[in-house]
Amino acid sequence: MKKNIKFILITVLLAVVLSLSLVGCTKTPNLKGGDPTATTYNNNSLVVSQGDYIYFVNGKITVDDIAEKKDNKYGKVVKSAIYRAKKDGSEPEVLVPQVAMDSNNANGISVLGKYVYFTSPSTATAKDGTLQKNNTDFYRVEISGKKLKKLVTLEGNTNQYKFTDNGLIYVENNKLVYLSYKGKSETILEYAGNTYFPVTSTYVPEKADATMAVYYTESPEENDGDPYNDIKCVTSTGEVKTILSGKDSKATYSIKSVESESNGQATVYYEKTVYDMGEEKNTGLYGIKLGSDFKVANGEKRFAASGASVRYINYEKGLYVFEDSKMYIPIFDNDGLMQEGDNVYYLGTTITQSNIVTIREEAGKNFIYYTESNMLMKIEMDVKEEGNINNVGRAKKVIKKDIVTDYVKPVLNGNTFYYINSGLYNYMYKVDISTKDAKHSLLGVRTDVDKTAYIKLVKEMDEEAREKHDKYIAEDLPAGDLKKD
């Protein structure tokens with residue numbers, strides 16, 4: 001009997017040792033709180049809000065920063081890891097101690113219900129030992145930090161993809177693929193030539209809108225008449241739906257955008273080319289509004305001429321067209337020819353549709369927030385001088401320096417601006433833009449190496465530089481650390 005007991009004890013001890021050797025000293029986070037039933041805001045960005053918390057990427061790295069496997073070892077990563085904090089930025093705590101994204105990745109993280117979804121450079125090695133860091137691992141993890149699961153590894157780090165609430169949709173080697181989170185993948189389209197992956201920025205659990213899908217065009221395999229194609233989508237459950245067919249109108253479509261509307265609706269924007277007896281004509285930019293059930297709620301509407309550079313507003317109001325340093329909402333005459341509308345804004349050459357952070361109303365006035373030369377700028381729209389609208393020289397510098405602009409766009413959530421600070425080691429910072437001279441503060445935490453470098457940087461500042469630093473940055477280290485020797 002004693003031998004049996006001894007054998008059992010040894011077996012249990014070996015099992016414990018084996019389990020410890022598998023996980024090493026890594027401790028999996030087990031965060032309390034969080035509300036998976038709450039609406040999520042700013043998905044696919046660097047800072048996502050759900051319930052009482054924000055989930056954010058702590059800092060930016062490049063793929064070159066990952067020289068060996070240990071540089072992306074779970075449990076060892078601080079910079080570029082995923083953290084959680086209260087909405088005021090307090091109580092930051094690590095959620096995923098692993099690299100989330102890198103500089104080659106144009107997408108952010110998403111929080112859908114009880115899971116956080118993100119990508120990470122692969123740590124697999126080839127037969128010759130080469131680190132496959134330019135390939136991408138796709139993950140999801142519970143908002144507690146538990147149950148981290150790798151979904152798939154894709155070749156390269158510039159793949160189009162979309163995390164949905166039921167499956168991952170992506171393009172690899174020109175194939176459009178749906179991967180259920182239950183593990184089964186299905187090729188939707190062998191050659192995906194025109195696809196659009198909309199951002200479901202706002203997510204209401206169990207009430208996802210029509211942006212929770214990926215849209216694409218598909219041509220029929222056999223067609224003896226004029227060419228045409230269809231606009232289709234694959235939904236979050238992997239179901240394929242036909243949105244619009246060009247067969248009867250002898251038209252081909254090219255999808256330009258899918259934008260969220262109110263009440264779970266979405267507008268699909270596309271350019272349309274009409275064919276007649278071998279001749280073709282691009283007739284412009286159109287849109288149709290879909291309900292959350294993917295059925296057409298409002299019919300086709302023309303918004304702009306073909307090839308126009310635009311920023312989308314909504315189905316009812318239309319869109320802004322950028323042309324000759326102007327931005328305007330177009331109108332159409334009886335012949336369907338586009339003209340400038342009443343709202344014309346002369347912007348100079350510094351604002352484009354790609355560097356606009358947001359357009360929003362404040363105290364009854366419309367403002368554009370945009371980035372320029374690592375600054376955040378703000379300009380009022382609808383400003384008239386002597387009967388002409390002219391905004392040249394009216395732009396104000398909201399933040400004067402150090403905004404990383406060659407990465408995922410910074411986030412303006414309410415009056416809090418979140419950005420990667422290039423002047424202080426590429427960490428996530430925040431500032432209240434509604435308060436004059438508000439100080440910028442570190443949102444997450446630094447590595448020990450960067451903390452030491454930051455202290456050295458401050459200590460070596462001359463009096464003028466230190467005064468500017470203290471006016472601009474909220475102190476987040478003990479005064480004794482920053483005090484000069």
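Throughout, residue positions are numbered sequentially from 1 according to the sequence presented.
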For [Y], is there any backbone N or O sitting under 3.5 Å from a side-chain donor or acceptor partner on [X]?
X      : Y      : answer
Asn263 : Gln265 : no
Thr200 : Thr202 : no
Ser120 : Val99  : yes
Asn374 : Lys401 : no
Ser122 : Ala124 : yes
Asn366 : Ile359 : no
Asn413 : Thr416 : no
Thr164 : Gly167 : yes
Lys162 : Pro198 : yes
Thr242 : Leu244 : no

Would a 4.5 Å heavy-atom cut-off, applied to side chains only, mark [X] and [Y] as touching?
X      : Y      : value
Ile473 : Lys439 : no
Leu424 : Tyr429 : yes
Val116 : Leu95  : yes
Phe197 : Val171 : yes
Glu172 : Glu155 : yes
Asn229 : Glu218 : no
Val458 : Tyr454 : yes
Leu154 : Val152 : yes

Check [X] against [Y] and note the closest heavy-atom contact, atom names and distance.
X      : Y      : value
Asn107 : Met101 : O-CE, 2.8 Å
Ile143 : Tyr55  : CB-OH, 3.8 Å
Ile54  : Lys86  : CG1-O, 3.8 Å
Ala85  : Pro92  : CB-CA, 3.9 Å
Leu176 : Ala192 : CB-CB, 4.0 Å
Asp65  : Asp71  : O-OD2, 3.7 Å

- Gln160 vs Thr195, side chain to side chain donor-acceptor pair (under 3.5 Å): CA-CA, chis, key distance, verdict: CA-CA 9 Å; Gln160 287 182 293; Thr195 55; 2.9 Å; yes
In terms of side-chain heavy atoms, does [X] have a donor or acceptor partner in [Y] at a distance below 3.5 Å?
X      : Y      : result
Thr153 : Asp137 : yes
Ser236 : Asp165 : yes
Asp432 : Ser434 : yes
Glu261 : Thr267 : yes
Tyr315 : Glu259 : no

Is the centre of the [X] ring less than 6.0 Å from the centre of the [Y] ring?
X      : Y      : answer
Tyr196 : Tyr215 : no
Tyr312 : Tyr269 : yes
Phe417 : Tyr419 : yes
Tyr270 : Tyr253 : yes
His440 : Tyr418 : no
Phe367 : Tyr369 : no

- Test Lys241 against Glu239 for salt bridge (charged side-chain N to carboxylate O under 4.0 Å, His left out), laying out the working first. CA-CA 7 Å; Lys241 293 179 177 290; Glu239 182 181 1; 3.3 Å; yes
Would [X] and [Y] pass as an ion pair if we require N to O under 4.0 Å?
X      : Y      : result
Lys60  : Asp406 : yes
Lys456 : Glu460 : yes
Lys87  : Asp52  : no
Arg360 : Glu362 : yes

- Item | Criterion side chain to side chain donor-acceptor pair (under 3.5 Å) on Ser90 and Asp88, from CA distance to verdict | CA-CA 6 Å; Ser90 64; Asp88 62 1; 2.6 Å; yes
- Message: Run Lys289 and Glu316 through salt bridge (charged side-chain N to carboxylate O under 4.0 Å, His left out) and show every step you take.
- Response: CA-CA 10 Å; Lys289 185 188 283 188; Glu316 282 69 31; 2.7 Å; yes
- Establish, yes or no, whether the cationic atom of Arg140 lies under 6.0 Å from the six-membered ring centre of Tyr115 and within 45° of the ring axis. yes
- Message: Does atom CG (Asp448) have a neighbourhood of more than 12 heavy atoms from anything else shown, all under 6.0 Å?
- Response: no
- Message: Check this for me: Glu206, atom CD, are more than 12 non-hydrogen atoms of other residues, nucleotides or ligands nearer than 6.0 Å?
- Response: no
- Message: My understanding is that only one of Asp476, Val445, Asp481 makes a side chain to side chain contact (heavy atoms under 4.5 Å, CB included) with Lys451; could you say which?
- Response: Asp481
- Does the pair Val94 and Arg84 meet the rule for a side chain to side chain contact (heavy atoms under 4.5 Å, CB included), with working shown? CA-CA 6 Å; Val94 66; Arg84 184 186 79 170; over 6 Å; no
- Query: Listed by chain and number, what are the side chain to side chain donor-acceptor pair (under 3.5 Å) partners of Asp402, not counting sequence neighbours?
  - Reply: none
- Message: Once rounded to the nearest 0.5 Å, what's the spacing between atom NZ of Lys69 and atom CD1 of Ile66?
- Response: 13.0 Å
